Amino acid sequence: MTLKKKPVTGMKDILPGEMAIRDYVIGLIKETYKTFGFSSLETPCVEHIENLNSKQGGENEKLIFKILKRGEKLKLEEAREEADLVDSGLRYDLTVPLCRYYANNSGQLPSPFKALQMGNVWRADRPQRGRFRQFMQCDIDILGEPSNLAEIELILATTTLLGKLDFKNFTIRINDRRILKAMAAYSGFEEKDYDAVFITLDKMDKIGLEGVAEELRQEGFAAESVEKYMELFRTVTPDAEGVKLLREKLEGFLEPAYADGLIQIIRSVEAVKSADFRMAFDPTLVRGMSYYTGPIFEISMDEYGGSVGGGGRYDEMIGKFTGQSVPACGFSIGFERIVMLLLERNYQIPDRAVKKAYLLEKNLPAEAVEQVVRKAMEERQNGSTVSLSVMKKNKKFQKEQLEAEGYTEIEEIFADRI
């Protein structure tokens, strides 16, 4: 039987050129987030199936790669339902594992705890541009901080990183799940119908305002409620003033403090930001995860045509593990999409050290080889990147390959020239 050389569908081999970009971005992430006080942690890639199926992961729970029980615990002939076969699965995000981690280790962690977690996750999804079945996620979370300072810090840390990667003119779209609910209540929708209304609202960028209105009417919602709902979106501006307008219109349905908090986040970030982006209040922003309880946000980039990151507040999720509510807020960048965009724009890693290559003449005497190796080691200790290889017949092509890898100094070594 001939073995298959291509990776499994939805997964990919990573070539050295891309790996260099990935390593650089990972290093910059850790360096940048460290200046904001985030600490690195790691969780297992395998989670208890009960945790993964806890109704907190939204649609992702349908995409779990499940793991069969092992050894004596696996009794195929006696199995009657999934629980008889499966006891764990590959994690589909980093948030559920983080909550379990915090619940298990909170006694040894500071409060608030500023967490940085990077690692692969797996989803049995349909692969497409920028979307894989195995992919790297990069999350920062602040646990134990109830104030809007958490949202402000998360947005500033994330946008500072993107600015260092030369991303410009992107948008941080921000909303609050409590404003979403207040708008629906004001318009006359029943609480039991909120999820259905929000699913349709989430299509706004694809079908437009009138498309959303038409779909809501087709689903049987009262025309009066639909029109009242649409009027809110027509009058609200995408800034702090828009939030203020909603605060006034939704009096009796929305706690003023929720709107004031969102205004504070927008204005604080705008006042001190270091990257080139804009904050935009977007009352149509939904974010599908059922665990969000307050402010939610996404990164939109025109060059991608969609979201390259997002997050929000999830104050009730850790309590599912501990029985006690813990304030929590997180922001995840789409690592794979960021790397893809950098590769598409032929991003060049900033030179931080000399990259030098020595091409050794074939059959160079042992003494000469030792001399070159010693010289290379001295240069490496001084911070240079040095590659040693034997000179090939097609020397021109070999040099072109080295130059493509970023080697700026290429020296040929011959026995009679040492």
Side-chain angles (χ1 to χ4, degrees), residues 57-63 123 125-131 169-250 253-254 258-259 262 266 277-292 294-312 334 337:
E59 291 297 306
N60 292 330
E61 294 192 9
K62 300 177 182 177
L63 307 174
R123 296 177 190 172
D125 208 347
R126 183 171 61 85
Q128 52 188 286
R129 180 174 179 261
R131 178 175 291 179
N169 300 317
F170 57 92
T171 302
I172 301 294
R173 299 161 58 215
I174 187 167
N175 195 11
D176 192 304
R177 294 281 289 198
R178 296 165 298 192
I179 290 178
L180 271 174
K181 293 177 181 179
M183 291 174 72
Y186 165 86
S187 302
F189 296 107
E190 296 183 32
E191 187 172 353
K192 66 180 178 62
D193 295 324
Y194 287 176
D195 284 346
V197 171
F198 297 158
I199 288 171
T200 301
L201 178 63
D202 202 27
K203 302 175 185 177
M204 182 76 79
D205 59 337
K206 297 182 179 67
I207 63 177
L209 193 67
E210 295 311 313
V212 169
E214 179 60 28
E215 190 165 314
L216 288 173
R217 285 191 288 266
Q218 289 178 358
E219 290 175 9
F221 294 112
E224 182 182 344
S225 293
V226 173
E227 181 53 34
K228 196 173 182 181
Y229 196 43
M230 294 302 105
E231 189 58 31
L232 289 175
F233 297 109
R234 293 190 188 102
T235 56
V236 171
T237 54
D239 52 22
E241 292 303 312
V243 183
K244 287 173 66 176
L245 177 63
L246 277 182
R247 182 183 62 191
E248 296 166 6
K249 275 187 168 291
L250 300 177
F253 295 92
L254 176 69
Y258 299 155
L262 208 57
I266 293 171
F277 70 97
R278 75 183 187 101
M279 294 288 293
F281 170 54
D282 184 354
T284 71
L285 181 63
V286 174
R287 291 199 60 78
M289 296 301 191
S290 60
Y291 54 65
Y292 289 124
I296 49 177
F297 26 82
E298 280 191 357
I299 311 166
S300 292
M301 287 187 182
D302 291 340
E303 60 185 302
Y304 178 69
S307 171
V308 295
R337 294 175 184 181

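The structure presented is a predicted model; accordingly, all values stated were derived computationally and were not measured.
The backbone N or O of R287 lies less than 3.5 Å from a partner atom in the side chain of R177, making a donor-acceptor pair. Looking only at distances, no side-chain donor or acceptor of S300 sits under 3.5 Å from a matching main-chain atom of T171. K228 places no side-chain N or O within donor-acceptor distance of the main-chain N or O of G188, the cut-off being under 3.5 Å. Checked by atom type and distance alone, the side chain of S225 pairs as donor or acceptor with a backbone atom of S187 at under 3.5 Å. Formation of a donor-acceptor pair under 3.5 Å by the S307 side chain with backbone atoms of G309 is found in this model.
Atom OH of Y186 sits about 9.5 Å away from atom CG of L246, to the nearest 0.5 Å. Atom CD in E214 sits 10.5 Å away from atom CD in E219 (nearest 0.5 Å). With values rounded to the nearest 0.5 angstrom, K203 atom NZ is found 9.5 Å from L216 atom CG. Once rounded to the nearest 0.5 Å, the distance linking CG of L262 with CG of D176 reads 6.0 Å. Rounded to the nearest 0.5 Å, atoms CG (D239) and CZ (R278) are 9.0 Å apart. Atom-to-atom distance recorded for M183:CE and L254:CG is 10.0 Å, nearest 0.5 angstrom.
Residues passing the side-chain hydrogen bond (donor to acceptor under 3.5 Å, both in side chains) test with R234, sequence neighbours excluded: E210, E227, E231. Listed by chain and number, the residues in a side chain to side chain contact (heavy atoms under 4.5 Å, CB included) with D193 are E190, F221 (sequence neighbours excluded).
Inter-residue side-chain proximity for L285 and I174 is flagged as unmet; no heavy-atom pair is nearer than 4.5 Å. For the pair L245 and T235, the minimum side-chain heavy-atom distance is below 4.5 Å. Residues I266 and F281 are in side-chain contact: their nearest non-hydrogen atoms beyond the backbone lie under 4.5 Å apart. Put simply, the side chain of R173 does not reach to within 4.5 Å of the side chain of F297, judged on heavy atoms. When side chains are defined from C-beta on, L201 counts as touching Y229, because their heavy atoms get closer than 4.5 Å. Side-chain contact between N169 and D302 is absent, with no heavy-atom pair separated by less than 4.5 Å.
Note that K181 lies outside the cation-pi zone of Y194, set by a 6.0 Å cut-off to the ring centre and a 45° limit from the axis.
For the pair P283 and V236, the tightest heavy-atom approach, listed with the atom from each and the gap, is CG-CG1, 4.3 Å.
For D205, the CG atom is densely surrounded, since the number of other residues' heavy atoms within 6.0 Å is greater than 12. Counting non-hydrogen atoms of other residues, nucleotides and ligands closer than 6.0 Å to CD of E224 gives a total of 12 or fewer.
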query: Checking side chain to side chain contact (heavy atoms under 4.5 Å, CB included) for the pair I299/I172: CA distance, chi angles, key distance, verdict?
result: CA-CA 5 Å; I299 311 166; I172 301 294; 3.7 Å; yes
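Checked against M204 for a side chain to side chain contact (heavy atoms under 4.5 Å, CB included), the options D282, V286, L209 give a single hit: L209.
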